[in-house]
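Here is the structure we will look at.
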Amino acid sequence: MNKILICVGARPNLMKASSLFRASKFFPKLQMDLLHTGQHYSTEMDRVFFDQLRIPQPNYQLNVGSGTHAVQTADVMKKFETVLAKRKYQLVVVIGDINSTVACSLVAKKLNIKVAHVESGLRSFDMTMPEEINRKIVDQISDYLFTTEPSANKNLLREGVSKKQIFFVGNTMIDTLVQNLDRIRTKEFIRQHHLMADNYAVLTLHRPTNVDDRIHLMKMLGSIASNTPADQKIVFPIHPRTRKMLGNRIHRLPKKFTIVAAQPYFSFMSLVYHSKYVLTDSGGIQEETTFLKKPCFTLRENTERPITIEIGSNFLIGKNLKSIRKKLRTFNVQKVKKPKFWDGRTGYRILSLISKF
Ligand code: UD1
């Protein structure tokens, strides 16, 4: 294959696409174009990641923006079909589990274009999560499935995917972390926020089940504040969805919280790197903290990334915030090992496979 189209839509796709474009210099015969659906569009959620991670300008911009699931997915499909019908791509690469991923894969497949899925096979087994629905559909129709951890291979085989289509390659998000570690290690960002290394926590929250009910969200934040060590600040880079839900109540949050805007890649990862621990409902951050051997408390009832739990850096605590202090006391960094193929070379592995297909 030599003419491929990479599709991105929202923030977590961008770190992964960056790894593929960085690796593309080793494959000069491969023409790699980029399509952006525009699911995320604001500077803080999008533009700044293109600049920092040196992602090329998209060849196509669909500008779909926000909407309900049906509207967003349908808008991507309608606009993407017009693009794809006119151009000859041998392969469409979709990433992760967002609405743009499922929309682009459906359009490509129905135009008889091969589809590759990066970050395939992850399962939370929770069909109330929009991402789980997206993952299952994308994996059923993809031709090439690139996985990040052994559980994903097992899930795909159980769902009837042929072994020949599954490639355990590792984690493109970790590639980008490895590539930018020097920048992330600097303390300039934590100084800007008047923080001391190892003396604060980082919190992120954006899952609909956590943030879409204001009363639940306020209770959860109160409980986080009262169950984390008294002397530590909690830096809370706030996702636009969560910001919108909090409205004016943001001023009534406990003083422990240092609320900042959604951060660019370098400053966010640097905040995580120097923190004592992380509280999150994100998928990608569970992986990044595993690589950095940082305690991560996942504010969900399940995870589609069980390797992070097995390896010992991630604790699935759901609403059981009382367990944080104890787990912090007993956390043993020496026992945390990096998962196989989380080594900075996954983008290269993917492109070398693609160029042979
Ligand atoms: C989406 C993905 C989720 C991913 C997350 C990362 C789906 C189903 N969800 O959720 O898997 O973890 O991105 O952030 O695809 N908004 C802005 N600026 C933007 C984009 C959104 O302000 O650039 C606001 C809009 O008001 C929008 C809200 O954030 O209504 C939520 O955005 P949306 O794309 O619907 O979902 P996310 O919660 O970001």
Side-chain angles (χ1 to χ4, degrees), residues 7-18 36-51 53 55 58 61-77 80 94-106 117-120 122-124 126-139 148 172-173 176 202-214 217 236-247 250 260-265 268-269 278 280-288 296 298-300 302-305:
C7 299
V8 295
R11 185 172 64 177
N13 286 171
L14 303 180
M15 301 77 170
K16 299 162 196 169
S18 165
H36 192 344
T37 66
Q39 179 174 340
H40 281 177
Y41 45 83
S42 49
T43 306
E44 62 177 11
M45 298 297 285
D46 186 59
R47 189 69 266 148
V48 75
F49 290 84
F50 273 81
D51 296 343
L53 302 178
I55 304 169
Q61 255 301 354
L62 304 185
N63 294 318
V64 296
S66 304
T68 62
H69 287 267
V71 167
Q72 199 171 53
T73 310
D75 280 352
V76 173
M77 289 184 72
F80 186 41
V94 296
I95 307 175
D97 55 16
I98 62 169
N99 288 342
S100 301
T101 314
V102 72
C104 291
S105 62
L106 277 169
H117 184 203
V118 172
E119 199 186 89
S120 176
L122 298 178
R123 296 289 181 269
S124 65
D126 174 3
M127 285 296 274
T128 64
M129 245 182 125
E131 292 83 358
E132 183 74 355
I133 303 167
N134 295 342
R135 290 180 199 120
K136 287 185 99 166
I137 295 171
V138 177
D139 286 339
T148 50
T172 48
M173 192 169 224
T176 298
V202 174
L203 167 68
T204 81
L205 280 176
H206 77 284
R207 294 265 161 231
T209 45
N210 280 332
V211 308
D212 280 5
D213 175 338
R214 186 176 295 128
L217 174 61
F236 186 14
I238 198 157
H239 187 284
R241 185 183 197 106
T242 316
R243 176 72 193 85
K244 212 194 272 177
M245 191 46 69
L246 281 175
I250 201 161
V260 295
Q263 292 292 294
Y265 184 74
F268 180 73
M269 285 317 305
V278 173
T280 191
D281 61 3
S282 147
I285 297 169
Q286 294 173 50
E287 297 179 337
E288 289 162 330
C296 175
T298 295
L299 303 164
R300 288 173 47 188
N302 50 54
T303 178
E304 57 289 326
R305 291 156 161 97

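Just so it is clear, the values below take in all heavy atoms, side chains as well, and ignore hydrogens, waters and symmetry mates. Both counts, for ligands and for their atoms, begin at 1 and track the order of listing. Keep in mind the model is a prediction, meaning the values are calculated, not measured.
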Using atom types as modelled and distance alone, determine if a side-chain donor or acceptor of [X] lies under 3.5 Å from a backbone N or O of [Y].
X      : Y      : answer
Thr176 : Ser18  : no
Asn302 : Asp126 : no
Asn13  : Ile95  : yes

Which bit of [X] is near ligand 1, meaning a heavy atom under 4.0 Å away: side chain, backbone, both or neither?
X      : answer
Lys244 : side chain
Pro208 : neither
His40  : both
Ser66  : side chain

Among all protein heavy atoms, pick the one closest to [atom] and tell me residue, atom and distance.
atom                    : value
atom 24 (C) of ligand 1 : Pro240 CB, 3.7 Å
atom 18 (N) of ligand 1 : Ser42 OG, 2.9 Å
atom 5 (C) of ligand 1  : His206 NE2, 3.7 Å
atom 2 (C) of ligand 1  : Ile98 CG2, 3.7 Å
atom 11 (O) of ligand 1 : Glu131 OE2, 2.6 Å
atom 35 (O) of ligand 1 : Arg241 NH1, 3.9 Å
atom 16 (N) of ligand 1 : Tyr41 OH, 3.6 Å

Proximity flag Arg243 to ligand 1, non-hydrogen atoms under 4.0 Å: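 Under 4.0 Å: no for Arg243.
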Any Glu44 heavy atom less than 4.0 Å to ligand 1: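 Distance cut 4.0 Å: Glu44 fails for ligand 1.
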Gap between atom CD of Glu132 and atom CE of Met127 - 0.5 Å precision: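 Result: 6.5 Å between the selected atoms.
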Gap separating the CE atom of Met77 from the OG atom of Ser100, nearest 0.5 angstrom: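 Reported to 0.5 Å precision, the distance equals 12.0 Å.
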Asn134 N/O to ligand 1 N/O under 3.5 Å: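 No; every N/O pair is 3.5 Å or more apart.
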Polar proximity ligand 1 side, His239 side, N/O cut 3.5 Å exclusive: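 Right, the criterion is met.
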Arg300 versus Asp281, closest heavy-atom pair with distance: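 Taking every non-hydrogen atom into account, CD-O, 3.4 Å.
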Nearest atoms (heavy-atom pairs only) where Val102 meets Ser105: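 Nearest heavy atoms, Val102 then Ser105: O-OG, 3.0 Å.
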Working for side chain to side chain contact (heavy atoms under 4.5 Å, CB included), residues Leu205 and His239: CA-CA 7 Å; Leu205 280 176; His239 187 284; over 6 Å; no
Ring geometry between Phe50 and His36 (parallel below 30°, tilted from 30 to 60°, perpendicular above 60°):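 His36 vs Phe50 ring planes: parallel.
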